[in-house]
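Shown next, in structure tokens, is the structure this report addresses.
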Amino acid sequence: MLRRGQDRSPGTSNRPDRRRGMPCSAAAGGFKPNGPAAVHRYQGGYMRYSEMFLPTAREVPSDAELISHQLMIRAGMIRKLAGGIYSYLPFGLRAIRRVEQIVREEMNRAGAQEVFLPMVQPAELWQESGRWVHYGKELLRFRDRHDREFCLGPTHEEVITDLVRNELKTYRQLPRNLYQIQTKFRDEIRPRFGVMRCREFGMKDAYSFDADEEGAENSYRRMFEAYQRIFTRCGLDFRPVEADSGSIGGSFSHEFMVMADSGEDAIAFCGDCRYAANLEKAEVARPGESAGEGEPLPLREVHTPGAKTIDAVCAFLEVSPSAVVKTLIFTADGVPVAVLVRGDHEVNEAKVKNLLGCDLLELADEAVIRAVTGSPRGFAGAVGIKARVVADYSLRGAANWVMGANREDYHLVNVAPGRDFTVTEFADLRVIRESDPCPRCGQRIRIARGIEVGHVFKLGTKYSKAMQASYLDRNGREQTMIMGCYGIGIGRTVAAAIEQNHDADGIVWPLPLAPYQAIVTPVNVNEPALAEAAERIYRFLEGQGLDVILDDRDERAGVKFKDADLLGIPFRITVGPKRLAEGNVEIKIRRSGEVVTLPVDEAGTFILARVREGL
RNA sequence: CGGGGCGUAGCGCAGCCCGGUAGCGCGCCUGCUUUGGGAGCAGGAUGUCGCAGGUUCAAAUCCUGCCGCCCCGACCA
């Protein structure tokens, strides 16, 4: 029940009454947050620390693994509501808004137009694209009161394609690029790392529609360039890497990776040239060297009791893993296939999948292994196997390999491909390794870890075909639109920025992402002179359009300093008795730790100039 | 879904083996002293011990089931 007398809309409360310990001196300068003097997207709002909802914590909940996750909790940015579902508190939301704003500006600049699509989507659309069946359990499905099926959108290809096919009819209306910043829901099997990998998350997704291949490539390139600008503006150390584009082929998929040891993805890159790809995609240069060289010797079967692993076989026969052939049995859409790589290499399933052109590739179970090899797991080999055999390039031309004998507790030695068994096809099927030669320039490949913050992908006609998004070309003939999709994980970008920008004391925001650019810290609010000087500087900066906090809390200086460091605010203006007696204040730069002493009246302009040059 | 671990005050944890009065640090409240890097002293509040059964005179503790959370493996911004 609403009691009228107490009804109070936000913003009408009597703010000055609620200030404690801060004398209300005349404001220096005008108060025009969004005026022409603004150097930054002013977010406004409560900025007196004593009134803010900014719960910082000295201790971290034990379930936070990543540093960024810990710091986001400690700095009062997020709180967990349920597994993989987080609330953003004001400080965290400000960081999110910074990224969103940069993304918006660059998307708009690249010619994309913002839309806002429903998060709740009808099953029919997904049935049309075929993903109602194929998307799997990550798609959260439910029924409404009329028993109609819906899902929470994990992505919006269906919705956007539906929208576009209804509205765009002719080549004259193409190309178009539409984007939105929306909350997505993916019912992840295992959410983890806080906001880095959660179920509900904010994402910018853009979709381009073109009339022809050339146009689609152009759209792709524009997005690629926009992404470079976005992550550069965010102040991140990132790298675009080639990603596996599945059936579409070509290099029309790039992931934007923020370099971080804590990243979930490994990427291969060349120290010399620009080549960079994720591990799944990274091509392995055709090899020259191989183990097992020399004249083919007679094939021989040896007893290797219990040697079910490469290591065990090597130890038993006293050979190196590179002299052994690893035979893995997969089922490709239900059909068994033997995949051969060297014992010291790893099979790259994505490459196998692309080679075979199958939808589902799985390691075979014990029953299938027995059926095609006639032996239990651990002794598979290609000689006499009842399955198609594909092999990595590294096995070609070389002889005298060690290989499973398809017989329990036995291996073959001196195996020669071609003589002893037939390889259906040689291909690049292994995972690239550190120090492998770069497929482009031949220099050494290095491996590093990264966080995927963005992905650009040429979709082709996958959705437009399934959902009949077509247009009439200039000859009046019906054509299928060519699509691209382009995502950026907003929350993840913030987390990645923290992952890359922190120290023992807390976050060290890159200026463009900082929720506030400056914090004014009077060392003791009970001393009117300090409080007054602080207030003056605070008002000046706010009036100039900066987002700035006045730490007017009646706390000890140490507490305020620790909080300011934890929050990672780029500039701290310390107003203390000793310096103020000389008419000065101190400015501490969070990133460098550098301290500058300046007259009170110059502090504001100093900060302003530094913020200007840093944005 | 398989393997491992954890649920005790807002947060971090002890207590559980060997059943009997629920405890420590931080935070919070009051007072005094302090006031440039998470202050000191004194006093104080806070718990359906994850939930539901069971065993027992008695369960945080032993048993069973369930739920939640975290970590390791197959998916992805």
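In the text below, chain A, chain B and the rest are named by the order of the sequence lines, each starting its count at 1. This is a predicted model, so every value here is computed, not measured.
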Starting at NE2 of A/His455 and ending at P of B/rC75, how long is that distance when rounded to a whole Å? 15 Å

Describe the nucleic acid contact of A/Cys198 in one word from base, sugar-phosphate, nothing, applying a heavy-atom distance below 4.0 Å. base

Just checking, is any N or O donor in the side chain of A/Gln180 or A/His156 under 3.5 Å from an acceptor N or O on the other one? yes

Residue from A/Asp551, A/Asn524, A/Asp565, A/Ile519 passing side-chain contact (heavy atoms from CB on, under 4.5 Å) with A/Lys560: A/Asp551

Same-atom distance (C1') from B/rU48 to B/rA42, integer angstrom: 33 Å

Both A/Gly84 and A/Val195 contact RNA chain B. Which one's nearest nucleotide lies toward the 5' end? A/Gly84

Could you tell me the separation between the CZ atom of A/Arg197 and the C1' atom of B/rA74, rounded to a whole number of Å? 11 Å

Applying a 4.0 Å non-hydrogen cut-off, can you work out what A/Thr574 is touching in the nucleic acid: base, sugar-phosphate, or nothing? base

For the side chain of A/Arg186, counting heavy atoms from C-beta on, which of B/rA77, B/rG38, B/rU35 is nearest? B/rA77

Would you mind classifying the nucleic acid contact of A/Val523 as base, sugar-phosphate or nothing, using non-hydrogen atoms under 4.0 angstrom? base

Electrostatic pair A/Glu138:A/Arg186 at N-O distance under 4.0 angstrom: no

Spacing of the P atoms in B/rC24 and B/rC41 (rounded, Å): 15 Å

What integer distance in Å separates A/Lys80:NZ from B/rG68:C1'? 9 Å

Need one value for A/Pro55: base, sugar-phosphate or nothing, where a base atom within 4.0 Å counts as base even if backbone is also close, heavy atoms only. nothing

Hey, is A/Phe561 doing a stacking thing with B/rG38, by the 5.5 Å centroid and 30° angle criteria? no

Touch check for A/Glu586, heavy atoms < 4.0 angstrom, all strands: base, sugar-phosphate only, or nothing? base

5'-most contact on RNA chain B (nearest-nucleotide basis), A/Glu349 vs A/Pro191, goes to A/Pro191

Are any of A/Arg190's side-chain N or O atoms less than 4.0 Å away from OP1 or OP2 of B/rC72? yes

Taking the C1' atom in each of B/rC63 and B/rC16, what is the distance between them to the nearest angstrom? 14 Å

Under 4.0 Å, counting only non-hydrogen atoms across every strand here, what does A/Asp563 touch: a base, just sugar-phosphate, or nothing? base

Reckon A/Arg572 touches a base, only the sugar-phosphate, or nothing at all at heavy-atom distances under 4.0 Å? base

Point-to-point distance, once rounded to the nearest 0.5 Å, from CZ of A/Arg74 to CG of A/Leu567: 10.0 Å

Quick one: the side chain of A/Lys588 and the base of B/rG36, do they pair up donor-acceptor inside 3.5 Å? no

Base, sugar-phosphate or nothing for A/Arg74? Non-hydrogen atoms, less than 4.0 Å. base

Under 3.5 Å for both donor-acceptor distances, Watson-Crick or wobble: does B/rG31 have a partner, and if so which one? B/rC41

Which part of the nucleic acid, if any, lies within contact of A/Lys204, taking any heavy atom under 4.0 Å across all strands shown: a base, the sugar-phosphate backbone alone, or nothing? nothing

Single hit among A/Met77, A/Gln70, A/His69 for side-chain contact (heavy atoms from CB on, under 4.5 Å) with A/Ile498: A/Met77

At 4.0 Å (heavy atoms only), tell me whether A/Lys137 reaches a base, stays on the sugar-phosphate, or touches nothing. nothing

Describe the nucleic acid contact of A/Glu527 in one word from base, sugar-phosphate, nothing, applying a heavy-atom distance below 4.0 Å. nothing

At less than 4.0 Å, is any side-chain N or O atom of A/Arg58 found next to OP1 or OP2 of B/rC26? Yes or no. no

To the nearest 0.5 Å, atom CZ of A/Phe256 lies from atom CD1 of A/Ile230 at 8.5 Å

How far, in whole Å, is B/rG54 from B/rG10 if one measures between their P atoms? 28 Å

Between B/rA77 atom C1' and A/Leu459 atom CG, what is the distance in whole Å? 14 Å

Taking the P atom in each of B/rG37 and B/rU21, what is the distance between them to the nearest angstrom? 46 Å

On a heavy-atom basis, the closest approach of A/Trp132 and A/Arg141 is O-NH1, 2.6 Å

Please give the distance between the C1' atoms of B/rC1 and B/rG12 as a whole number of Å. 32 Å

So what does A/Asp187 touch, heavy atoms closer than 4.0 Å: a base, only the sugar-phosphate, or nothing? nothing

Using a strict cut-off of less than 4.0 Å between a Lys/Arg side-chain nitrogen and an Asp/Glu carboxylate oxygen, indicate whether A/Lys326 and A/Glu346 qualify as a salt bridge. yes

To the nearest 0.5 angstrom, please state how far the CD atom of A/Glu280 sits from the NZ atom of A/Lys351. 10.0 Å

Rounded to whole angstrom, note down the P distance from B/rC49 over to B/rG7. 15 Å

Using the C1' atom on both, measure B/rG25 against B/rG31 and round to a whole Å. 23 Å

Please give, in whole Å, the distance from B/rG37 C1' to A/Arg553 CZ? 13 Å

Any salt bridge between A/Arg229 and A/Glu225, counting N to O under 4.0 Å? no

Does A/Gly487 reach a base, just sugar-phosphate, or nothing at all? Heavy atoms under 4.0 Å. nothing

Produce a footprint string for nucleotides 4-11 of chain B: one letter per nucleotide, 5' end first; B if the base is under 4.0 Å from any protein heavy atom, S if only the sugar-phosphate is, - if neither. -------B

For B/rU56, give the paired nucleotide (Watson-Crick: N1-N3 plus N6-O4 or O6-N4; G-U: N1-O2 and O6-N3; both under 3.5 Å), or none. none

From NE2 of A/His69 across to P of B/rC71 the rounded distance in Å is 9 Å

What's the CZ-C1' distance between A/Arg192 and B/rA74, to the nearest Å? 10 Å

